[in-house]
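The figures here come from the full heavy-atom set of this structure, side chains too, leaving out hydrogens, waters and symmetry mates. Note that the coordinates shown come from a computational prediction; the quantities given were computed from them, not determined experimentally.
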Number of protein chains: 2
Amino acid sequence: MQTISAPHVMQFPAWMARGAARQSDTRPASAPNEARRSFAKEAGIFTQGDQAQSYYRVMAGTVRTYRVLSDGRRQIDAFHVPGDIFGIEMGEVRSMSADAVEPVTLLQYRNQPLAELATDDPEFAQQVMGAMLQALERAQAHIMLLGRKSAVEKLATFLLGIADRLSGLGCVDLPMSRIDIADHLGLTIETVSRSLTQLERARYIELPAHRRSIILKNISALRRLDS
Amino acid sequence: MQTISAPHVMQFPAWMARGAARQSDTRPASAPNEARRSFAKEAGIFTQGDQAQSYYRVMAGTVRTYRVLSDGRRQIDAFHVPGDIFGIEMGEVRSMSADAVEPVTLLQYRNQPLAELATDDPEFAQQVMGAMLQALERAQAHIMLLGRKSAVEKLATFLLGIADRLSGLGCVDLPMSRIDIADHLGLTIETVSRSLTQLERARYIELPAHRRSIILKNISALRRLDS
DNA sequence: CGAAAGTTTGAGGCACTTCAAAGGGCGTGG
DNA sequence: CCACGCCCTTTGAAGTGCCTCAAACTTTCG
């Protein structure tokens with residue numbers, strides 16, 4: 001049984017606090033707090049360990065965010081497509097890296113105290129909150145995938161999800177390589193390839209020649225694998 | 001290459017919207033929006049599919065939140081200990097279940113529009129934001145664990161994390177069973193047990209008789225496994 | 001057209017699972 | 001206080017899904 005002692009003080013991001021000290025706070029308060037930025041394919045957007053001073057909304061392209069262990073093992077926690085917000089951090093330092101899977105256009109937002117944001121632009125504040133909750137929900141679904149699903153089930157779930165977000169079910173043009181998929185699903189590229197072949201042989205999907213687009217032939221069967 | 005079409009409209013939780021319709025909104029606006037609730041060991045707090053009308057802060061005890069696949073496979077996404085906030089949902093329906101690992105005391109908060117909360121009690125609004133970000137950060141770390149770590153590494157990471165949160169490093173009194181640990185780490189109970197034995201034989205930990213407390217003997221070695 | 005990179009396929013190995021049984025703790029009742 | 005039974009945990013043995021290593025194939029791009 002837990003002691004009934006005072007609950008730990010809840011941490012919260014320093015930059016959210018009203019009046020938190022920030023460098024380069026010389027911009028006029030009225031200036032739009034956003035900047036358009038573009039990145040080439042495979043370009044880094046930020047890196048584990050960087051100072052976290054802003055977050056982003058994807059306008060075009062696909063971004064991957066990931067962590068790397070000391071020995072090089074990589075885990076991609078999410079792909080971000082147009083409309084998604086990513087890069088909000090708890091601490092002052094990046095816990096993740098991000099880079100462009102394909103050419104990307106982003107809107108960059110400087111971190112800003114929540115109270116200020118809620119006052120200045122309540123609708124946008126809502127969207128930011130919503131983005132955080134959506135990221136959390138997706139992370140939780142991904143935890144289920146990684147912890148308890150087989151390789152084929154992982155692929156089925158992934159294909160349904162990415163198709164839905166990128167193009168609507170039916171056909172996807174995958175922006176990412178097999179390596180990226182493997183590092184997202186906790187598999188090796190060989191297992192990704194074999195599982196796709198397996199889904200193709202079962203007539204659940206079709207793999208056209210250039211290997212980057214995938215046609216979902218039997219969506220209800222894929223959903224069944226998705227449980 | 002992505003089309004540069006208008007980004008998807010960002011979803012956000014309906015209950016956050018100012019003026020969102022809510023049932024039973026007859027309570028006076030000034031009433032404290034919190035209620036103390038207690039649950040017995042193994043009691044359910046909410047279930048996948050329920051209406052999500054509130055969230056909780058743990059005062060005492062330990063809570064697990066989890067998803068279950070149609071065939072019964074379970075994945076515990078997190079354990080929540082005193083000070084933690086859990087149960088904030090994106091949609092109107094619970095995507096997770098929660099129950100008490102041991103006797104639990106909670107504070108229950110009704111969902112409330114963000115703008116209202118930010119005005120009424122900005123400090124608490126910060127804490128809620130912080131709780132969401134902390135949950136996200138932990139989920140991301142857990143994704144790395146599930147996707148890329150070996151069984152022994154998973155145990156090392158888990159023990160360091162839970163000890164730190166429950167009692168400070170050195171010694172933990174685990175509130176949860178091996179089954180819970182297995183379903184959290186994406187393993188079977190047998191593998192959990194074998195990995196603990198392995199850590200014990202390496203003199204990294206010690207397992208006293210009653211099997212529920214664990215002494216961390218070699219924290220730096222455990223951290224090395226944690227990468 | 002040729003080189004390079006990405007993907008698929010094959011063979012063998014290993015980490016973790018599955019199935020099975022034995023070994024404690026703990027509470028109850030004698 | 002000890003004996004009994006239940007449940008949780010540990011240990012063992014065999015199986016398997018995914019990984020590793022290796023090579024062939026395909027697509028892309030200079």
### Task
Say whether, by atom type as modelled, one donor and one acceptor occur between the side chain of B/Glu89 and the main chain of B/Ser95 under 3.5 angstrom.
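At least one qualifying donor-acceptor pair exists.
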
Ignoring the backbone of [X], work out which of [options] is nearest its side chain.
{"X": "B/Glu190", "options": "C/dT7, D/dT11, C/dG25", "result": "D/dT11"}
{"X": "B/Ile189", "options": "D/dT9, C/dC16, D/dT11", "result": "D/dT9"}
{"X": "B/Leu207", "options": "D/dC18, D/dT10, C/dT8", "result": "D/dT10"}

### Given DNA chain D, 5'-ward residue of the pair A/Val152 and A/Arg211, judged by closest heavy atom
A/Val152

### Query
Given that A/His210 and A/Thr188 both sit by DNA chain D, which one's nearest nucleotide is further toward the 5' end?
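Checking each residue's closest nucleotide, the 5'-ward one belongs to A/Thr188.
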
### Task
Have a look at B/Ser177 and say if it touches a base, only the backbone sugar-phosphate, or nothing, with a 4.0 Å heavy-atom cut-off.
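Sugar-phosphate, backbone atoms only, no base.
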
### Message
Students often get this wrong, so: under 4.0 angstrom with heavy atoms, is A/Leu196 touching a base, only sugar-phosphate, or nothing?
### Response
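Nothing: the residue A/Leu196, judged by heavy atoms under 4.0 Å, touches no strand.
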
Rounded to the Å, how far apart are [X] [atom1] and [N] [atom2]?
{"X": "A/Leu187", "N": "D/dT20", "atom1": "CG", "atom2": "C1'", "result": "14 Å"}
{"X": "A/Leu155", "N": "C/dT8", "atom1": "CG", "atom2": "C1'", "result": "14 Å"}
{"X": "B/Lys41", "N": "C/dC26", "atom1": "NZ", "atom2": "P", "result": "11 Å"}
{"X": "B/Arg148", "N": "D/dC19", "atom1": "CZ", "atom2": "P", "result": "7 Å"}
{"X": "B/Lys149", "N": "C/dA15", "atom1": "NZ", "atom2": "C1'", "result": "18 Å"}
{"X": "A/Arg73", "N": "C/dA15", "atom1": "CZ", "atom2": "C1'", "result": "13 Å"}
{"X": "B/Glu153", "N": "C/dC16", "atom1": "CD", "atom2": "C1'", "result": "14 Å"}
{"X": "A/Ile181", "N": "C/dG6", "atom1": "CD1", "atom2": "P", "result": "13 Å"}

### Message
For a quick test of reading the model: is some side-chain N or O of A/Thr191 closer than 4.0 Å to OP1 or OP2 of D/dC19?
### Response
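Answer is yes, contact under 4.0 Å.
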
### Message
Would the base of C/dG25 count as contacting B/Arg212 through its side chain, where contact means a donor and an acceptor less than 3.5 Å apart?
### Response
no

### Message
Between the base of D/dT20 and the side chain of A/Arg194, is there a donor and acceptor pair under 3.5 angstrom?
### Response
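Such a pair is found, so the answer is yes.
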
### Task
Only one of A/Ile219, A/Ile214, A/Ile181, A/Asp226 passes side chain to side chain contact (heavy atoms under 4.5 Å, CB included) with A/Leu159; say which it is.
A/Ile214

### Query
Just by distance, with hydrogens left out, do A/Gln108 and A/Arg36 show a side-chain donor and acceptor under 3.5 Å apart?
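No, because no side-chain N or O of A/Gln108 sits under 3.5 Å from a partner of the opposite role on A/Arg36.
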
### Ring geometry between A/Phe79 and A/His184 (parallel below 30°, tilted from 30 to 60°, perpendicular above 60°)
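Geometry flag for A/Phe79 against A/His184: perpendicular rings.
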
#### Entry: A/Thr197 vs B/Val192, nearer the 5' end of DNA chain C by closest nucleotide
A/Thr197

### Message
Just to verify, which of B/Arg178, B/Arg73, B/Arg64, B/Arg74 counts as forming a side-chain hydrogen bond (donor to acceptor under 3.5 Å, both in side chains) with B/Asp183?
### Response
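The side-chain hydrogen bond (donor to acceptor under 3.5 Å, both in side chains) with B/Asp183 is passed solely by B/Arg74 among B/Arg178, B/Arg73, B/Arg64, B/Arg74.
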
